Structures are given as structure tokens and as C-alpha cells.
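Below: the structure, in C-alpha cells.
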Amino acid sequence: MNQEFLYIIIIIALGYLLKRLNILKEKDGEVISKIIFKISLPALVLVTFDSVKIETS
């Protein structure tokens, strides 16, 4: 299993747990999702592509 994918699953599970325990409000979830979708996921894509080795044949 890819380590980055595992991090994403942990973040989702943590968010779900905090919401179920009423620690996070609806507005908090909107801000966190904006951070994840606009900063974290694009950064993850860049880091992943940086480690890809391209071979010409």
C-alpha cells in the first residue's frame, strides 16, 4: 500500500471521528476540506510525480 494513500485514509477517518464526537462543526469541515483540496492534494500530486522515473525507449 502506498504511504501517501494511507495518510489520506487516516485524515478522512480522523475527520469522520471528530465529526461523530461533535468536536468539529459544519463550518470547520468546510475550511478543512478547502485546505485539503486546494493545498494538500496538489502538493501530494507534485511530490508523487517528482519521484517518478521516466525511461525513454
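If you're wondering where the values come from, they're calculated on a predicted model, not measured in any experiment.
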Please report, to 0.1 Å, the donor-acceptor pairs under 3.5 Å made by any side chain of residues 12-24, with sequence neighbours excluded.
none

N/O donor-acceptor pairs under 3.5 Å from side chains in residues 34-41, not counting sequence neighbours:
none

- Query: How would you list, by chain and number, every residue that makes a salt bridge (charged side-chain N to carboxylate O under 4.0 Å, His left out) with Lys27, sequence neighbours excluded?
  - Reply: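 Listed in chain order: Glu30.
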